[in-house]
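Following: one structure in C-alpha cells, then a few remarks.
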Amino acid sequence: MGTTTYPRRRAPILGFVALLLGLLLAVPAVADEPDRFQQTAGELFYAGFAGDEEALERAMKYVEETLAADPDHPGALVWQATAWSYQSGAVFAQSDWETGQALLDKSLAQFDRAVDVAPDSLQTRTPRASVLLSIARHTDDATTRNRYLETALEDYRKILDLRTPALDSLTVHGRGELFGGLAEVLWRLERHDDAKAYLHRMLAELPESKYAALAQRQLDGPHAPVELTCFGCEEW
C-alpha cells in the first residue's frame with residue numbers, strides 16, 4: 001500500500017481498537033478458522049488493549065505461533081495487524097514518528113496480506129476498511145489520503161456485496177455502519193452524488209436513528225465531511 005504520512009494527531013486508539021475488536025468478533029469465521037481461535041485471540045487482545053501487558057504478550061505469542069503453523073491464517077493475520085496498529089498509536093503518542101510510522105506501515109501491509117489470502121471474507125475486509133477510513137481522517141497528504149479511501153471503498157463495496165443477500169436482517173447498527181462507511185468514503189473522495197445515494201438510504205431505511213441524524217447533518221453541511229461510522233461494535 002506504500003508509505004503513509006504521519007497522522008495530523010493521534011487517533012483515539014483505544015476506542016479505535018475497541019471498534020476493531022467488536023467487528024472481528026461479530027463477523028463469521030471463514031471456513032478454515034475454528035471459532036475457538038477467534039474466541040481465544042479476542043479475549044487476550046481485549047485484555048491486552050485494556051492495559052494488561054501480560055495478556056498482550058500472550059496474545060501476540062498466540063498469533064505468532066498460529067502463523068508459524070499456518071502463514072496464511074486470515075484471523076491471525078488480521079489480529080497481528082490490529083496489534084501493530086495499536087502499538088503504532090502508543091508510539092505516536094510519545095512523538096516517536098519514525099517508529100510509529102514503521103509500525104503503521106507494517107500493519108497496513110499485513111491487512112493487505114490478509115485480504116489477499118481471503119478476499120471474499122468479511123473478517124478481512126471489514127477491519128481493513130475501518131482502519132483505512134480512520135487513518136484517512138487524520139492524513140494530510142491528499143494523494144496518500146485518497147489511496148487509503150479508494151482501498152476502503154473497494155472493501156466497503158465488497159462488504160455490501162457479501163451482505164446484500166441478508167441485508168434486511170442486519171440491525172440498525174449494522175446497516176448504519178455499512179451505509180455510513182460507503183457514504184463517508186465517497187464524500188471524502190468528493191464523489192458527492194454517489195455518497196448522497198447512501199445518505200438517503202440512511203434516512204429512508206434507518207429513520208430516527210443516530211445514522212439518519214448524521215446523514216442529514218452531512219446533507220445540510222456539504223462543505224465539511226461528517227464522521228458517519230464507528231459508533232459501537234455490536235453487530236455487522
Side-chain angles (χ1 to χ4, degrees), residues 7-28 42 45-46 49-50 78 82 85-86 89 122-139 145 148-236:
R8 183 166 58 247
R9 62 182 184 274
R10 184 191 175 205
I13 190 67
L14 291 177
F16 168 67
V17 171
L19 171 69
L20 288 179
L21 291 171
L23 293 174
L24 287 165
L25 292 173
V27 298
F45 276 110
Y46 186 85
F49 294 145
V78 167
T82 303
S85 293
Y86 168 80
L122 293 168
Q123 182 190 41
T124 60
R125 292 285 187 169
T126 303
R128 187 174 72 168
S130 300
V131 169
L132 289 173
L133 176 53
S134 179
I135 294 171
R137 290 169 178 161
H138 306 288
T139 299
R145 181 175 62 248
Y148 293 158
L149 291 170
E150 290 287 358
T151 302
L153 179 60
E154 173 191 327
D155 288 339
Y156 278 118
R157 284 175 168 164
K158 172 60 74 172
I159 294 164
L160 180 60
D161 288 343
L162 294 170
R163 282 301 198 187
T164 292
L167 193 60
D168 291 343
S169 68
L170 291 183
T171 63
V172 168
H173 175 269
R175 282 176 289 162
E177 289 290 313
L178 177 53
F179 296 155
L182 283 160
E184 184 177 343
V185 167
L186 287 164
W187 198 276
R188 289 178 183 275
L189 286 168
E190 299 185 357
R191 302 179 195 176
H192 293 176
D193 288 342
D194 292 335
K196 287 177 182 178
Y198 293 105
L199 293 172
H200 287 301
R201 288 191 71 172
M202 294 164 76
L203 290 170
E205 299 181 34
L206 310 171
E208 300 182 4
S209 70
K210 57 192 170 187
Y211 295 103
L214 289 166
Q216 190 63 59
R217 184 190 302 173
Q218 183 64 88
L219 290 167
D220 291 342
H223 301 297
V226 174
E227 293 187 11
L228 300 171
T229 66
C230 303
F231 302 102
C233 322
E234 293 86 355
E235 184 177 340
W236 262 72

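Counting from 1, the numbers follow the sequence of the chain as shown.
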>> Walk me through whether Thr126 and Tyr156 qualify under side-chain contact (heavy atoms from CB on, under 4.5 Å).
In response: CA-CA 7 Å; Thr126 303; Tyr156 278 118; over 6 Å; no
> Arg125 and Glu154: side-chain contact (heavy atoms from CB on, under 4.5 Å), yes or no, with the steps?
Replying inline: CA-CA 9 Å; Arg125 292 285 187 169; Glu154 173 191 327; 3.0 Å; yes
Looking only at atom types and distance, does a side-chain atom of [X] sit under 3.5 Å from a main-chain N or O of [Y], one as donor and one as acceptor?
X      : Y      : result
Arg145 : Ala136 : no
Glu227 : Arg137 : no
Ser134 : Val131 : no
Ser209 : Leu206 : yes

Got a sec, which residues hit side chain to side chain donor-acceptor pair (under 3.5 Å) with [X], two or more places apart in sequence or on another chain?
X      : value
Asp220 : Gln216
Lys196 : none
Arg191 : Glu150

> Should Tyr198 and Leu203 be marked as a side-chain contact (heavy atoms from CB on, under 4.5 Å) after you check the CA-CA gap, both sets of side-chain angles, and the distance that decides it?
Replying inline: CA-CA 9 Å; Tyr198 293 105; Leu203 290 170; over 6 Å; no
Any chance you could measure [X], atom [atom1], to [Y], atom [atom2], to the nearest 0.5 Å?
X      : Y      : atom1 : atom2 : result
Arg128 : Ile159 : CZ    : CD1   : 9.5 Å
Asp194 : Leu186 : CG    : CG    : 5.5 Å
Leu160 : Thr164 : CG    : OG1   : 4.0 Å
Ser85  : Ile135 : OG    : CD1   : 6.0 Å
Leu132 : Thr151 : CG    : OG1   : 6.0 Å

>> Less than 4.0 angstrom from a charged side-chain N to a carboxylate O is my criterion; do Arg188 and Glu184 meet it?
In response: yes
> For Tyr211, which of Glu177, Arg175, Glu205 qualifies under side chain to side chain donor-acceptor pair (under 3.5 Å)?
Replying inline: Glu177
> In a check of side chain to side chain contact (heavy atoms under 4.5 Å, CB included) between Leu228 and each of Leu214, Leu133, Leu182, which one passes?
Replying inline: Leu214
> Which heavy-atom pair separates Met202 from Ala183 by the least distance, and what is that distance?
Replying inline: SD-CB, 4.5 Å
> Taking all atoms of both residues into account, what is the closest heavy-atom pair of Gly181 and Thr229, and its distance?
Replying inline: N-CG2, 3.1 Å
> Run the side-chain contact (heavy atoms from CB on, under 4.5 Å) check on Thr82 and Phe45 step by step: do they pass?
Replying inline: CA-CA 9 Å; Thr82 303; Phe45 276 110; over 6 Å; no
